[in-house]
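None of the values given here were measured: they were computed from a predicted structure.
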Amino acid sequence: MQIKARTFGAISVGGLLLALAPMALVRMSPSALAQQASGNLQVAPVPDPTAASAKGLRGVVMISVLRDGAVVKQQEVEVSGLPPNFTLPVGVYDVRVEGDAIVTVVKRGVHVTAKDSTKVIAPMRPGQGVRTIEYATGGLAREEVAARLAKLEAAVAHMQKAQQAR
């Protein structure tokens with residue numbers, strides 16, 4: 001007895017139909033698969049070492065982790081306290097640290113990867129306003145941005161010393 005089979009996305013072998021890869025897997029893009037991996041983000045709010053007014057700074061701050069403008073994780077912590085560790089899907093996030101009478105620090109473009117724990121230092125100082133630090137803008141690699149930021153911070157420290165010497 002011969003079985004005839006019509007094949008709609010399947011292979012007929014000796015009258016037995018074998019289904020091809022499930023459509024759910026076929027439709028998943030590489031970016032969707034990558035988003036399923038997770039990584040760790042550690043955020044440490046510390047007194048800003050470049051601001052004399054920040055020495056001994058105490059208080060509670062709210063750490064918010066955002067993706068595409070929406071808060072995905074949030075936690076209250078003490079300045080200089082134990083930094084929280086957030087487990088997040090791999091991707092690019094913004095980190096916002098804010099508190100009463102403390103300048104809000106926003107770090108944009110923080111990359112969370114599956115293989116490394118990402119650490120963010122949020123230098124806190126008393127006052128009002130928002131201090132924004134950009135990461136990986138303009139398609140630059142994070143390491144290149146970090147190197148440029150280090151040079152900029154060194155230049156600012158040099159300028160501050162020169163002003164104090166006057």
Side-chain angles (χ1 to χ4, degrees), residues 27-166:
R27 289 185 179 162
M28 290 182 79
S29 67
S31 63
L33 290 171
Q35 289 177 355
Q36 292 176 356
S38 63
N40 291 315
L41 172 65
Q42 189 176 51
V43 182
V46 297
D48 187 342
T50 65
S53 60
K55 288 182 182 171
L57 181 68
R58 297 213 178 275
V60 175
V61 293
M62 176 65 74
I63 298 174
S64 302
V65 180
L66 301 97
R67 188 166 196 178
D68 299 323
V71 174
V72 293
K73 298 268 181 158
Q74 207 168 38
Q75 186 172 338
E76 254 186 3
V77 297
E78 288 278 334
V79 172
S80 295
L82 186 63
N85 196 18
F86 300 100
T87 300
L88 301 162
V90 169
V92 180
Y93 295 87
D94 296 337
V95 176
R96 183 179 181 95
V97 183
E98 55 194 328
D100 290 337
I102 295 175
V103 175
T104 298
V105 174
V106 178
K107 294 204 173 189
R108 298 191 188 280
V110 177
H111 291 262
V112 173
T113 64
K115 61 182 176 179
D116 296 321
S117 182
T118 303
K119 293 180 181 149
V120 173
I121 304 296
M124 308 306 297
R125 60 176 69 161
Q128 301 293 321
V130 176
R131 180 177 175 206
T132 302
I133 302 168
E134 299 280 341
Y135 283 92
T137 57
L140 297 175
R142 182 175 177 202
E143 293 78 14
E144 186 174 339
V145 172
R148 289 181 180 191
L149 183 60
K151 286 180 184 177
L152 179 61
E153 287 173 344
V156 168
H158 179 60
M159 289 179 2
Q160 288 174 338
K161 285 181 184 178
Q163 281 182 335
Q164 290 174 354
R166 290 184 193 172

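- P49 meets the side chain to side chain contact (heavy atoms under 4.5 Å, CB included) test with no other residue; sequence neighbours excluded.
- Residues V112 and L41 approach most closely at CG2-CB, 4.1 Å, considering heavy atoms.
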(message) With side-chain contact (heavy atoms from CB on, under 4.5 Å) as the criterion, how do T118 and H111 come out once you've worked through the C-alpha distance, each side chain's angles and the decisive distance to 0.1 Å?
(response) CA-CA 7 Å; T118 303; H111 291 262; 5.8 Å; no
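- When the side chain to side chain contact (heavy atoms under 4.5 Å, CB included) test is applied to E76, the partners found at least two apart in sequence or on another chain are V60, M62.
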(message) Evaluate V77 against V43 for side-chain contact (heavy atoms from CB on, under 4.5 Å), listing each step before the verdict.
(response) CA-CA 10 Å; V77 297; V43 182; over 6 Å; no
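- Judged by distance alone, the side chain of K107 and the main-chain N or O of I121 form a donor-acceptor pair under 3.5 Å.
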Using atom types as modelled, flag every donor-acceptor pair under 3.5 Å from a side chain in residues 150-166 to any protein atom, sequence neighbours excluded.
none

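- At a threshold of 4.5 Å between non-hydrogen side-chain atoms, the residues V106 and R96 count as touching.
- The closest donor-acceptor contact from the side chain of D94 to the backbone of R67 lies at 3.5 Å or more, if one exists at all.
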(request) Tell me, with the steps shown, if V105 and V61 meet side-chain contact (heavy atoms from CB on, under 4.5 Å). (result) CA-CA 11 Å; V105 174; V61 293; over 6 Å; no
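- Scanning all heavy atoms of the two residues, the minimum distance from P126 to S53 falls at CG-O, 3.3 Å.
- Considering only residues two or more places apart in sequence or on other chains, S80 meets the side chain to side chain contact (heavy atoms under 4.5 Å, CB included) condition with P47.
- Judged by distance alone, with hydrogens and angles left aside, the side-chain atoms of T104 form no donor-acceptor pair with the main-chain N or O of E98 at under 3.5 Å.
- Evaluation of the side chain to side chain donor-acceptor pair (under 3.5 Å) test over residues 40-49, restricted to residues two or more places apart or in two chains, returns N40-T87, D48-T50, D48-R125, D48-R131.
- The two residues I102 and M124 have their closest heavy-atom pair at CG2-CE, 3.1 Å.
- Contacts of S64 classified as side-chain hydrogen bond (donor to acceptor under 3.5 Å, both in side chains), with partners at least two apart in sequence or in another chain: Q74.
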